[in-house]
Structures are given as structure tokens and as C-alpha cells.
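This is a predicted model, so every value here is computed, not measured. Whatever order the structure lists ligands and atoms in, that order sets their numbers, starting from 1.
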Amino acid sequence: MRESGTKYIFFTGGVSSSLGKGLTASSLGRLLKCRGLRVTMCKLDPYINVDPGTMNPFEHGEVFVTEDGGETDLDLGHYERFIDENLRKGSNSTTGGIYSSVIAKERRGDYLGKTVQVIPHVTDEIKKRIRGLGTDDVDVVIVEIGGTVGDIEIVPFIEAIRQFRRDVGRENVCYVHLTLVPYLGPSGEQKTKPTQHSVTELRSRGIQPNVIVCRSDRMISDDLKRKISLLCDVPIEAVVSAVDADNIYQIPLVLHEEGLDGYILGLLEFDEASHPIDLSGWERLVHQVDAAVRPVHIGIIGKYVDLPDAYLSVVESLRHAGFHHGAKVQIEWVQAATVPDLLERDGLRSFDGLVIPGGFGERGVEGKIAAARYAREHDLPLLGLCLGLQVMVIEVARSLAGLEGAHSREFDATTRHPVVDLMDDQNDVAEKGGTMRLGACPAQLLAGSQVAEAYGAEVVTERHRHRYEVNPRYRGALEDAGLVCSGMSPDGRLVEFIELPGHPFWVGTQAHPEFKSRPGRPHPLFRELVGAALERAEGRDPRLIDIGAVG
Ligand code: GLN
């Protein structure tokens, strides 16, 4: 069979949001990669924000940062972790971004006096962006459409992907629709009606799905599959049961078991024989996950802790590090503002390690500073990420360098000692989009430092997203007080990593290493944090703990 050109797989969702469309799409991406295909992914988000950069992470979840500095939807984090490919700014488009381009073109006169309309101008812009991802080095582009069919804002996207098949040929496009098959307790039945309705909605927009993936808390029986097949007009092999998995890394195996990847391969006219699947690496990972049982208790000191998705990549990075050590990381969320009270009751005592993640305009910042101090004084392993590094620097400034009232100018505009401050004069910063330092930046590590040892390298690249920096004017004072700046920007101006010699692990980075951790390749800093935390956990003498608890 002749294979030519890039193929496109579109994922739409029906019935309800939060069915795990991103994870299902990512899992298919992983399966296709296991068949030797070159895969990239993208997310089209129907909301009007130009990008998620301005969205509150406590409503929308984390902002995932790409190598090239894109501020993107958190699903891109799933994509990167599953397909193990770096994505780009262009891998996430929103209605706002698309309209901005169309309106800019209109202002430039590019439309030559024509009336600018949703069809064809907006849909053309959507299609152009999708096509732009189908470069020569890509066999399959997987496109996830955010939201659910029937949403008001989704219509131009559905129309664009409908047209797309005409543009590139039927054999090059596959539509996968993800729905919910709920189990109704009182009648003891799984119900297909919501699926029928959402497929009807999709058809009313001109798209007949090729594959229907049914999310359910239990397997979909063959009888039910036959029913869905008949009512929704897809072959029975194209009805896939995606039952809840124990952990997200099992999903590719569940979908493969259901024959999803093989079916789609045939549909897209790939020669299945030349793309045999090799799942051994992924199966090894799943075994590793199952075998991760050594308990270790890590606290994440966050601003709001009600929406854990706000720190999704941090959580995943901790889990990856756990897989490496055979450890089950038990995460406990600690609201930063409560830390001073907790400390009065010695309430951080049960933790084996802490993470202070990034944040903006923090209310609970004093709590984070107090946690950094507690960790320093009690040899408790701590990893500070971005704002986390900044609060560690403030802590050292106040407690060890005698800089009373030291602060970041983000939180105290009139502080006497702005040990963390804006560096607006920096050309590099201006070039990278206003005052925000965004995307991958290299750092030179100090030979022999804990950080250099962890990475096993002297030059590393990490992704950034922040405005403030350690103030170079205070570097001398901080170092005199014992802080080691173990990684600097190549020009030697910006502090990228810090550590404290003699402490088991008290390390901060100005970057967001959580965006680069992969399930089978944990990030070195998370790996070392969890390693140090395990040592502490397993080194505790249980009798002493008991006595302590009673006393
Ligand atoms: N608010 C801090 C800054 O802008 C830290 C940002 C972050 O943690 N991502 O520098």
C-alpha cells in the first residue's frame, strides 16, 4: 500500500467535559509512536483568551510552558509526557488567537476589500494552523478540539475540521469522538442515549465520526457496542471501550487492547504490517508504576490547594521521580497562608520533603518563606521552583545575611533590601515578550555542586515564566552568608539555581523543571528531592517517632 503525506486525527468530545479527551488523544499518540510513526499534537481551544497565559490557574489549571515560550493549555503537558516530543507555541490555538490574526490581516488590507467572515476567513485561519503542523518530518498530527460539541464557541472549529477532510482527502483524516456511557445505579444499566445525542449533534455539523471512544466506569459489553454501532453508524470495531484506569499511564494499554490504534492505522491507509507495535518500553513503565510502593510523604506549599490541576506538572514530576525510586509519593497540599500556624504545632514534622512551587502575586508568601526556613533548619529536603527559589533567597537574606526586611519587590515595593527585583533593562528579557522571561534558557552550572551532580552536566536548559530575578547587587552578601549560586545565566548575571552546602537537599531553581519531566525519565531535581526524602523517611526510627508523637 502506498503511504504518502501527513495524516490528521481529530478528537472531539461529547456529553460532558473532563472525560479525559487530552489523555485519550495522548495515549493514541503514544501507541502510534510505538508503531514507529512520527507524531505531533495540537489543541484548539474555543475560548476567547488569546492564550491561557492570562487565565487564573485556579480556575483553568496550570499554564504549560513550551520550549519556545508558549503559554499553553495544560493538556499540552499530557501530550509531551505521553508522546515525548517537545511542542511549540503553534501547538495550541484559541478563538482569541485566531481572531487576532484574522483582524490583523483585515487591518493590513490583506483581504482586498472583501467582507471578512467566519466562513471562509476564520475557518481558513484554523485550517492553516492545523496544516502548518503537518511538516515533512511528521506522519500523524493529532488535533484535540477543546470543549464539547454543542458549545456555542466550538462551531467554527467543527466547520474547519469538516472542510479539512475535503481539502486533504478522506484517506488522510480520521474523526474520533469521545463520549460518556454512564451507568445508572437504580436501573443497573449503562446508557447509550447521551452518546447518540452527541453523535447526532456532530452529524448536524456535517461530521460523521469514524471512531467512538466510550468513557465509562466499567467495560462496555459487546451487546452495547453493537447498539452504539447500529445507532451511530460506525462499524463495531470502531466502538472502543475506555474504562477508568488505575493510573493514567495504563490508558495506552487499555486502548491498544481495544484495538484502537490498529483500527485507525487501517482507516488512514497505513500498512499495518510495516508498522508493528512495540509496547515493551511502555509496559516496563506501567510495571514500574505498579511496583512503586515505598511510601514517601511530600508537601506542596501552594496558594490555593483546592484545584490540584493548578500544579499538574509538579505532581506528575513527583510521581515520575517516585517511579524511578520504586516509591509511591503521597502528596499533601498545604495552604501557604496556614504554615505559620502549622509551625506553632510542629505541623510540618511528618513530611519527608517539601516543594514550593511557582506563583504570582502571592498572599501566602510569608508562609512559604517560613516553610523554606523550617526546611533549612530541620534538614528537610526542599525543592523551590521559580517563586520557590525567590522565597528561599529571601529566607537566606533575612535569616543568614542579616538583611532585615529583605523581600521581593513583587510583594513589597518599598522594601529596604529588594533581594528579588525586576530587571527590565535586560535586552534578552525585552526580546522574549515584555517583562516576562518565557521559554527555554541555558544555565551554566557550578562544577561539583549538588545541582551539577544531579544533572550530570554543566550546561542545562530549562523553561522559564517569571518577571522577577535574584537582584545581582545582593549576590555577594547572599554568598557570604553561605548560599551557593550553583547555576547562572551564561552571561553570569542571573541566578538560575541555588543550594546550601551541608543540607541534604535545599535546592531552588528560577526555572520550571516540572515541564520537562517524563514518566520514564524523571527530572534530575525531582529525582534527587524524592531520593533525599526517601532517605529521610526510611531513616526515621519508628520508635522515636512514636515517642515524639506521644510527647
Ligand atoms: N511571581 C514571580 C515572578 O514573576 C514568580 C513567577 C513564577 O513562579 N512563575 O518572578
Side-chain angles (χ1 to χ4, degrees), residues 51-58 60-67 69-72 74 77 300-305 307 309-315 317 336-337 354-369 371-372 382-395 397 406-413 415 418-426 428-430 432-441 443 462-472 474-475 485 487 489 493-498 507-517 523 525-526:
D51 63 44
T54 54
M55 289 164 84
N56 180 348
F58 305 105
H60 187 73
E62 144 189 298
V63 174
F64 185 82
V65 181
T66 54
E67 285 288 295
E71 297 177 274
T72 69
L74 55 74
I300 301 183
I301 316 285
K303 182 178 182 180
Y304 296 120
V305 287
L307 184 69
D309 268 4
Y311 306 105
L312 183 61
S313 294
V314 174
V315 171
S317 302
L354 297 180
V355 174
I356 304 182
F360 291 83
E362 287 288 300
R363 275 188 280 129
V365 71
E366 288 300 330
K368 293 190 173 184
I369 297 168
L382 165 68
L383 176 59
L385 309 170
C386 204
L387 179 63
L389 169 137
Q390 297 173 359
V391 304
M392 292 163 83
V393 164
I394 295 166
E395 206 292 296
H407 221 316
S408 161
R409 225 194 279 271
E410 181 178 8
F411 310 111
D412 181 356
T415 171
V419 290
V420 176
D421 205 348
L422 289 176
M423 307 241 331
D424 271 349
D425 59 312
Q426 236 216 327
D428 185 35
V429 172
K432 283 192 170 157
T435 55
M436 185 86 99
R437 184 145 73 110
L438 276 172
C441 300
E462 292 291 357
R463 302 180 192 175
H464 288 250
R465 180 173 184 254
H466 57 101
R467 293 197 172 80
Y468 291 79
E469 304 283 351
V470 175
N471 188 339
Y474 286 93
R475 193 176 149 201
C485 297
S489 59
R493 283 194 74 200
L494 305 176
V495 175
E496 299 281 22
F497 295 90
I498 58 164
V507 171
T509 164
Q510 189 55 75
H512 286 282
E514 67 270 25
F515 297 134
K516 288 179 71 167
S517 184
H523 189 283
L525 295 184
F526 285 89

May I ask you to identify, for Q390, whether its side chain, its backbone, both or neither come under 4.0 Å of ligand 1 on a heavy-atom basis?
->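 Contact part for Q390 vs ligand 1: side chain (C-beta onward).
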Quick one: does ligand 1 sit under 4.0 Å from the side chain of H466, the backbone, both or neither, non-hydrogen atoms only?
->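 Both of them.
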Within this structure, what is the [atom1]-[atom2] distance for the pair [X] and [Y], rounded to the nearest 0.5 Å?
X    : Y    : atom1 : atom2 : answer
M55  : L74  : CE    : CG    : 9.5 Å
F360 : E410 : CZ    : CD    : 7.5 Å
T509 : H464 : OG1   : NE2   : 6.0 Å
T435 : H466 : OG1   : NE2   : 11.0 Å

Tell me which protein heavy atom sits closest to [atom], plus the residue, atom name and distance to 0.1 Å.
atom                   : answer
atom 9 (N) of ligand 1 : R465 O, 2.8 Å
atom 3 (C) of ligand 1 : R467 N, 3.5 Å
atom 5 (C) of ligand 1 : G359 O, 3.3 Å
atom 7 (C) of ligand 1 : C386 SG, 3.0 Å

N or O contact, L387 vs ligand 1, cut-off under 3.5 Å =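 Among all N and O atoms of L387, at least one is under 3.5 Å from an N or O of ligand 1.
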Atoms of ligand 1, numbered as shown, that sit under 4.0 Å from any heavy atom of G358 =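 Ligand 1 atoms under the 4.0 Å threshold to G358: 8 (O).
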Under 4.0 Å from a heavy atom of E410: give me the atoms of ligand 1 that qualify, with their elements.
->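 This gives 1 (N), 2 (C), 3 (C) as the contact atoms.
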Return yes when H512 approaches ligand 1 closer than 4.0 angstrom through a heavy atom, no otherwise.
->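 The answer is yes, since H512 has a heavy atom less than 4.0 Å from ligand 1.
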Do R465 side-chain atoms and G53 backbone N/O form a donor-acceptor pair below 3.5 Å?
->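 Checked: pair present.
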What is the ring orientation for F515 with H512, classed by angle as parallel under 30°, tilted 30 to 60°, or perpendicular over 60°?
->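 Aromatic pair F515/H512 classed tilted.
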